[in-house]
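So that the names make sense, note that chain A is the first sequence line, chain B the second, and so on, each numbered from 1.
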Amino acid sequence: MTVEIPIPTDRPVRVRIAPSPTGEPHVGTAYIALFNKVFAEKNNGRFILRIEDTDQRRSTPESEQAILDSLRWLGLDWHEGPDIGGPYGPYRQSERTELYREHAKYLIDEGNAYYCFATSEELDEMRATAKEQGLRTAYDRRYRDLPREEVERRLAAGEPYVVRLKMPLSGTTRVTDGLRGDIDIDNAELDDQILLKSDGFPTYHLANVVDDRLMQITHVIRAEEWIPSTPKHVLLYQAFGWEPPVFIHMPLLRNNDKTKISKRKNPVSLEYYRTTGYLPEALVNFLARMGWSMPDESEKFEYREMLEHFDFGRMSLGGPIFDLDKLDWLNGMYIRELEPGDLVARLQGWLLGSGYLSAVAPLVRERIKRLGDFIPSTTFFFGGFDPLPAEALVPKGKERVEAYRALRAVTEAVDSMSTWDEATIEEALRAQVEATGFKVRDLFMMVRLAVTSQKATPPLFESMAVIGKARCQYRLREATNTLKP
RNA sequence: GUCCCCAUCGUCUAGAGGCCUAGGACGUCGCCCUUUCAAGGCGAUAACAAGGGUUCGAAUCCCUUUGGGGACGCCA
C-alpha cells in the first residue's frame with residue numbers, strides 16, 4: 001500500500017498512548033502503544049503516556065498502576081508520563097480539569113459552544129424518538145438557542161448543566177486518515193457533542209483535543225473505532241482555530257468470530273499473558289504482526305528490528321484475529337532460543353521467584369508432609385491445569401444447565417470486580433450463593449473445580465487471590481463454555 | 001435503522017497492472033528422525049467474495065452488489 005504520512009519539519013514528532021484506567025491493562029492498549037512508540041522512535045520523536053481518567057466513577061489508581069506496570073513489562077516505555085513527568089505535564093487528565101474548563105468557557109464566549117440543561121430523562125426520550133423516526137442524531141438541540149437571560153437564570157438557580165459543541169447544521173467535514181485517505185462526513189450526522197459533563201469533568205472529546213494540542217501531539221495513532229467521532233474532533237480543532245494533528249486509525253484486534261476483541265471471548269488482560277508465561281518480547285512480536293509485516297516477511301523479530309524497518313505503508317487494514325495458537329508457537333520459539341541460564345532467570349522472574357512463592361507457600365504449609373509434596377499440591381498456581389469435562393463440573397443433583405447458569409453468573413460477577421483480594425472475592429462469591437440458589441458447598445466446589453481443576457485445594461478465596469483475577473477469569477470462562485448446553 | 005471502515009488459504013499475511021500456474025507462516029494431516037514427548041526435516045491440504053467496467057493484460061485501478069466490522073453514552 002502506498003501511504004505518505006506527513007512529518008512536520010519544524011517541530012519534533014510527538015505521539016501518545018492515552019489509556020483509561022478503568023479496568024484490566026488491555027492487550028489492545030499494548031497494541032496501539034507499540035505502533036505509537038515505533039512510529040515516534042522511527043522519526044526521532046517522543047512517545048508520551050497520558051492517563052485519561054476523566055470518568056470519575058470508574059477510574060482507579062490500581063488500574064492506572066497495572067497499566068503502567070504492564071506496558072513496562074512489555075518494554076513499551078515512554079519518554080513522558082505521569083510517573084516520570086516531562087515538559088508538558090501534568091500527564092493525568094484529572095489534574096488538568098481547570099484547563100478544560102477554561103477552554104470550554106472560551107468556546108462558549110466565542111459562540112461555538114453552549115450550556116445544555118437536558119436531564120437524563122429528557123435525553124432518554126429524545127433517544128427513543130430518534131430511534132423511532134430513524135433519525136441520525138439523538139439530541140434534538142433543544143437548548144442550543146436558549147435566550148441568554150434564561151441561561152443566566154438557570155445557571156444562577158444552580159441547575160445542573162453540560163456544555164455542548166455547536167456543530168454546523170449543514171455542509172461536510174473532511175477527516176484525513178493517514179492510512180485510508182479522505183473521509184467526508186455530512187455534518188447533519190453529528191450530534192452537538194458534550195464537552196463538559198455535569199460533574200465539571202471533560203468528556204474524552206474535549207480533553208483529548210485540548211491535551212493533544214497543549215502537549216504538541218503531531219500524530220494521533222489510535223484504534224479504528226474512533227473514526228466516527230473524528231469529525232467532531234476536527235470541528236473542535238476548528239472551533240479553537242487550531243491545526244488538527246495527523247490521524248492514523250489502526251485496525252481493531254478481533255475475536256475468533258471477527259467481533260472487536262473482548263474479555264467474553266478472549267483473554268484481554270496483559271496480566272493474563274504475563275502470569276500464563278508469555279515472554280514480553282514474544283507478545284510484542286506477535287502484536288507487531290497484527291496488521292503489519294516485515295519487508296522480508298520474517299515472523300520472528302524483536303522490537304529493534306521492527307523499528308529498523310517500520311513503515312506504515314506495510315499495514316494491512318483488515319481487522320486481524322488474535323490467534324492464540326500462533327502466539328504459542330512464537331513464544332515457544334523464544335523460549336527455545338534462551339540459554340539455559342536465561343531460562344532459569346525467566347522462570348524466576350515469572351512465578352518461580354520468591355515473591356509469588358511466598359504467597360503460595362503459606363497456603364499449603366499445613367497440607368504437605370514433605371517438601372516434595374509442594375509441587376503436586378500447587379500445580380494450578382503455576383499453570384498446571386487440566387480443564388475438566390462438563391460432567392465433572394456439575395454438582396450432584398443439579399442439571400447441567402443450572403450449573404451453566406450459576407457458573408456464568410459467577411464469571412460475570414468476577415468480571416465486574418475492581419479489587420482483587422480474599423475478602424472481596426468471598427463477598428462476591430457469597431452474593432452469588434444467594435443469587436443462584438445453590439448450596440454454598442455446591443457452588444464453591446464448582447468454582448474450585450473451574451479455577452483449579454482439583455477437588456482438594458487450599459481455601460478457595462485465598463487461592464483465587466493468589467492465582468490472580470486474569471487467570472481466574474479465563475478459567476471460569478473456559479469452564480462456563482464447556483458447560484454451555 | 002443511519003453513518004463510516006474493511007475484504008487474498010480456517011488464521012496471520014506477501015502482493016504497488018505483466019515476475020502469480022498467487023508466495024511465506026500458524027494450524028491440520030502424512031512421512032522422516034527418535035527409547036517417549038517435544039523440537040527439527042520433508043511433503044500435503046487450503047484463498048484472490050460476486051458481477052460489471054478500464055486495459056493488449058487485473059488479486060492489484062474504478063463502479064455496483066454481497067459479506068464482515070465499528071460508531072451512534074454526561075465511557076473512553
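The separation of B:rU35 from B:rC48, taken at their P atoms, amounts to 45 Å, rounded to a whole angstrom. For B:rG68 and B:rC75, the C1' atoms lie 25 Å apart once the distance is rounded to whole Å. Here the separation of B:rC63 from B:rA71, taken at their C1' atoms, is 26 Å to the nearest Å. Of the P atoms belonging to B:rU2 and B:rC61, the separation is 29 Å, rounded to the nearest Å. Comparing B:rG69 with B:rC31, their P atoms sit 39 Å apart, to the nearest whole Å. Taking atom C1' on both B:rA44 and B:rU54, the two are 40 Å apart, rounded to the nearest angstrom. Only the P atoms considered, B:rA58 is 15 Å distant from B:rA50, to the nearest whole Å. Spacing of P atoms, B:rG27 relative to B:rG18, comes out at 33 Å, to the nearest Å.
A salt bridge links A:Arg153 to A:Glu150: one of the charged nitrogens lies within less than 4.0 Å of a carboxylate oxygen. A salt bridge links A:Asp109 with A:Lys105; the closest basic N to acidic carboxylate O contact falls under 4.0 Å. Salt-bridge annotation for A:Asp177 and A:Arg180: present, with a side-chain N of the basic residue lying under 4.0 Å from a carboxylate O of the acidic one. Looking at A:Glu41 and A:Lys37, a side-chain N of the basic residue comes within less than 4.0 Å of a carboxylate O on the acidic one, giving a salt bridge. Taking 4.0 Å as the cut-off between side-chain N and carboxylate O, A:Arg16 and A:Glu80 do not count as a salt-bridged pair. Salt-bridge formation is detected for the pair A:Asp212/A:Arg50: a Lys NZ or Arg NE/NH1/NH2 atom is positioned less than 4.0 Å from an Asp or Glu carboxylate oxygen.
Base pairing of B:rA71 is made with B:rU2, judged by Watson-Crick or G-U wobble geometry with both donor-acceptor distances under 3.5 Å. With a cut-off of 3.5 Å on both Watson-Crick or G-U wobble distances, the partner of B:rC26 is given as B:rG10. Nucleotide B:rC31 forms a Watson-Crick or G-U wobble pair with B:rG41, both donor-acceptor distances falling under 3.5 Å.
If you measure from atom CD of A:Glu224 to atom P of B:rG68, you get 16 Å, rounded to the nearest angstrom. Computed from coordinates, the A:Ile185 CD1 to B:rC3 P distance equals 11 Å when rounded to whole Å. Atom CZ of A:Phe286 is separated from atom C1' of B:rC26 by 9 Å (rounded to the nearest Å). Here the C1' atom of nucleotide B:rC75 and the CD atom of A:Glu225 are 11 Å apart, to the nearest Å. In this entry the distance linking CG of A:Asn255 with P of B:rG10 reads 19 Å, nearest Å. Regarding A:Leu327, its CG atom lies at a distance of 11 Å from the C1' atom of B:rC26, rounded to whole Å. Regarding A:Arg254, its CZ atom lies at a distance of 13 Å from the C1' atom of B:rG67, rounded to whole Å.
In this structure, A:Ser229 does not reach the B:rC72 phosphate: none of its side-chain N or O atoms is under 4.0 Å from OP1 or OP2. Taking side-chain N and O atoms only, A:Thr203 has no distance below 4.0 Å to OP1 or OP2 of B:rC74. For the OP1/OP2 pair of B:rG73 and a distance below 4.0 Å, the side-chain nitrogens and oxygens of A:Arg127 include at least one atom meeting the criterion. Contact check, A:Lys326 against B:rG24: no side-chain N or O comes under 4.0 Å of OP1 or OP2. A close approach under 4.0 Å does occur between a side-chain nitrogen or oxygen of A:Lys197 and OP1 or OP2 of B:rC75. Close to B:rG15, at under 4.0 Å from its OP1 or OP2, lies a side-chain N or O of A:Arg314.
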Sequence-aligned protein contact record of nucleotides 59-65 of chain B, with B where the base is within under 4.0 Å of a protein heavy atom and S where only the sugar-phosphate is: -------
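Considering only side-chain atoms of A:Arg336, the nucleotide from B:rA39, B:rG68, B:rA76 that sits closest is B:rA39. Side chain of A:Thr259, nearest nucleotide from B:rA76, B:rC12, B:rG70: B:rG70. Closest to the A:Trp329 side chain, of the nucleotides B:rG69, B:rG27, B:rC12, is B:rG27. Among the nucleotides B:rG24, B:rG73, B:rC26, the one closest to any side-chain atom of A:Arg289 is B:rG24. When distances run from any side-chain atom of A:Ile194 to the nucleotides B:rU2, B:rC74, B:rU11, the shortest one goes to B:rC74. When each of B:rC75, B:rC3, B:rG70 is scored by its nearest atom to the side-chain atoms of A:Arg58, the top-ranked nucleotide is B:rC75. With B:rA71, B:rU2, B:rC12 as the candidates, the nucleotide lying closest to the side chain of A:Lys260 is B:rA71.
Nearest-nucleotide positions on RNA chain B place A:Asp182 closer to the 5' end than the other of A:Arg164 and A:Asp182. RNA chain B is contacted by both A:Lys258 and A:Asp184; A:Asp184 maps to the nucleotide lying nearer its 5′ end (nearest heavy atom per residue).
Residue contacts shown for A:Gly291 are limited to sugar-phosphate atoms, with no base heavy atom under 4.0 Å away.
Of all heavy-atom pairs spanning A:Leu351 and A:Phe381, the tightest one is CD1-O, 3.8 Å. The nearest pair of heavy atoms linking A:Ile217 to A:Pro245 is O-CB, 3.8 Å.
Below 30°, between 30° and 60°, or above 60°: for A:Tyr278 and A:Tyr272 the angle between ring planes is between 30° and 60°, a tilted geometry. Using a 30° and 60° split on the angle between ring planes, A:Phe247 and A:His249 fall in the parallel class, below 30°.
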Run the salt bridge (charged side-chain N to carboxylate O under 4.0 Å, His left out) check on A:Asp192 and A:Lys166 step by step: do they pass? CA-CA 6 Å; A:Asp192 282 357; A:Lys166 263 189 199 172; over 6 Å; no
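In this structure, A:Arg475 forms a cation-pi arrangement with A:Phe385, its terminal cationic atom sitting closer than 6.0 Å to the ring centre and no more than 45° off the ring axis. Relative to the ring axis of A:Phe117, A:Arg154 places its NZ or CZ within 45° and under 6.0 Å from the centre.
Within a heavy-atom distance below 4.0 Å of RNA chain B, no residue of residues 60-75 of chain A is found.
Residue side chain A:Glu299 reaches the base of B:rG24 through a donor-acceptor N/O pair under 3.5 Å, judged by distance alone.
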